[in-house]
Amino acid sequence: MKDLIQPWKEGSAKNITFIVTKDCQLACKYCYLVGKNEKERMPWSVAKAAIDYVLDREKDPNFAYESVIWDFIGGEPFLEIDLIDKICDYIKTELFRRNHHWFSSFRFSFSTNGINYHSEKVQKFIEKNHSHLSVGITIDGTRRKHDLNRVYKNSEKGSYDDVVKNIPLWQSQFPSDGTKVTISSADIPYICESVLHLYDLGIHQVNINCVFEDVWKEGDDKLFDEQLMTLADKIIDGGKYVDNACSFFSENLGKPMDCKLQNGNWCGSGKMLSIDAAGNFYPCTRFAQYSLRDKEAWIIGNIHDGIDNNKLRPFLTLDRCTQSTPECIDCEVAEGCAWCQGENYDAAKTHTVFQRATAICKMHKARVRANNYYWNKLYRKLELEGKREEFEKNHPNVKPDIC
């Protein structure tokens, strides 16, 4: 099976996110950004001050990373392409002028809805910075799945046609980058057809996940299980595993976990830094006010006063066992069960990040069942084809229970 491409410099890169705008052309029904608006756009003065603050502290433990990812989000980041272009030019110039060690190891990262990807300004920016770019376009699958949720604001018009026309251009420029697909309750019936459709479009890496919010209905896990089983059959019987990958099927999934040996936090919240239009700092974007339904923003500093390490400290002490219930800690299929630190905070009954939200529990267990089915079936197929030894060499963590 083709393996998922791991994020650039995973674990050794500082992630710094500019919330350049809270505006977007779309009003996706599952979007966690509940406070999007057209007013909050980052001024150049704030962006410059944030860059200077970071680069002035090369030896600070908060920034003493081997590499850096400068991430741009919205809303839709490419609505602010002029500002982004100016920010990236300034970063490159300053890294060189300061002889900063990040000059030889940096990336500019974008997740875009793809609507204005083909525009002249965006394409000029891509041409200028291509060797340091990572760009993902979000397309949810078939037209009916995509248009079920990804609709234009103030309208029920779907965006599929406006996105899919830009996929060939994007693929020609970033052939190894994947798309990010979101699953909510309403679109579970279209998972299988959508993943296969994305493969047919030439997208070989499909990163796909369930929303962390408590939106799931009775029976969703069973339907989810059925869709993934069908998808497994289609991928394996059709030989699509050779050139394609889907994050729903992972060899490192569905095993017990030891709190002494496997106790990391799921995400990089606290190790990341997010900056909004007002110059406020957050441990990640999910703690900004426009990302929260019921809680106040968790601000850890700003461009004028810097990072308040006392406000940051709780995030640096987070691990799996300090925020999980005994049921989660002792779960026999714990490995691979994800969580979002921002959703943990927003869903908690108190002002804490040490209470894990478990809305996706049943969905994770359904995924594990389908994942076991996938790997066992693939293993049997490869064994019959005489490729068992090669498979075991390339996937040492897979121990199928062959009947």
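Numbers here simply count residues along the sequence, with the first being 1.
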Can you see whether Tyr199 has Lys240 sitting over its ring - NZ or CZ less than 6.0 Å from the centre and within 45° of the normal?
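No, Lys240 does not sit over the ring of Tyr199.
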
Does the structure place the NZ or CZ of Arg286 under 6.0 Å from the centre of the six-membered ring of Tyr32, at an angle of no more than 45° from the ring's axis?
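Because its charged atom sits under 6.0 Å from the ring centre and within 45° of the axis, Arg286 does stack over Tyr32.
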
Salt bridge flag under 4.0 Å for residues [X] and [Y]:
| X | Y | answer |
| --- | --- | --- |
| Lys153 | Asp23 | yes |
| Asp162 | Lys157 | yes |
| Glu94 | Arg97 | yes |
| Asp82 | Lys86 | no |
| Glu156 | Lys29 | yes |
| Asp237 | Lys381 | no |
| Lys349 | Asp294 | no |
| Asp85 | Lys128 | yes |

How are the rings of Phe78 and Phe125 set to each other: parallel, tilted or perpendicular (split at 30° and 60°)?
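Answer is perpendicular, since the angle exceeds 60°.
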
Would you find more than 12 non-hydrogen atoms of other residues, nucleotides or ligands less than 6.0 Å from [X] atom [atom1]?
| X | atom1 | result |
| --- | --- | --- |
| Lys92 | NZ | yes |
| Lys295 | NZ | yes |
| Lys14 | NZ | yes |
| Lys222 | NZ | no |
| Glu218 | CD | no |
| Glu332 | CD | no |

Centroid separation [X] to [Y] less than 6.0 Å:
| X | Y | result |
| --- | --- | --- |
| Phe249 | Tyr373 | no |
| Phe110 | Phe174 | no |
| Tyr53 | Phe281 | yes |
| Trp216 | Phe224 | no |

Can you check whether [Y]'s main-chain N or O pairs, donor with acceptor, with [X]'s side chain at less than 3.5 Å?
| X | Y | answer |
| --- | --- | --- |
| Asp346 | Arg293 | yes |
| Thr179 | Ile139 | yes |
| Asn37 | Gly35 | yes |

Between [X] and [Y], do the side chains contain an N or O donor and an N or O acceptor separated by less than 3.5 Å?
| X | Y | result |
| --- | --- | --- |
| Gln205 | Asp177 | no |
| Ser324 | Arg356 | yes |
| Thr142 | Glu193 | yes |

Within-4.5 Å side-chain heavy-atom neighbours: [X] and [Y]:
| X | Y | value |
| --- | --- | --- |
| Ser291 | Val34 | no |
| Cys259 | Arg320 | yes |
| Glu38 | Lys22 | no |
| Asn62 | Ile307 | yes |
| Phe287 | Ser274 | no |

Applying side-chain contact (heavy atoms from CB on, under 4.5 Å) between Ser109 and each of Asn15, Ile69, Thr17, report the one that passes.
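Of Asn15, Ile69, Thr17, side-chain contact (heavy atoms from CB on, under 4.5 Å) with Ser109 is met by Ile69 alone.
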
Can you name the residues that form a side-chain hydrogen bond (donor to acceptor under 3.5 Å, both in side chains) with Asp221, not counting sequence neighbours?
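Residues passing side-chain hydrogen bond (donor to acceptor under 3.5 Å, both in side chains) with Asp221: none at all.
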
Please test His351 against Trp298 for ring-ring contact (aromatic ring centres under 6.0 Å, His included), starting from the C-alpha separation and ending with a verdict.
CA-CA 10 Å; His351 188 89; Trp298 194 311; 4.9 Å; yes

To the nearest 0.5 angstrom, please state how far the CG atom of Asp308 sits from the CD1 atom of Ile299.
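With rounding to 0.5 Å, CG (Asp308) is 11.5 Å from CD1 (Ile299).
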
Least distance between heavy atoms, Tyr65 atom then Trp102 atom
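That closest heavy-atom pairing would be O-NE1, 2.9 Å.
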
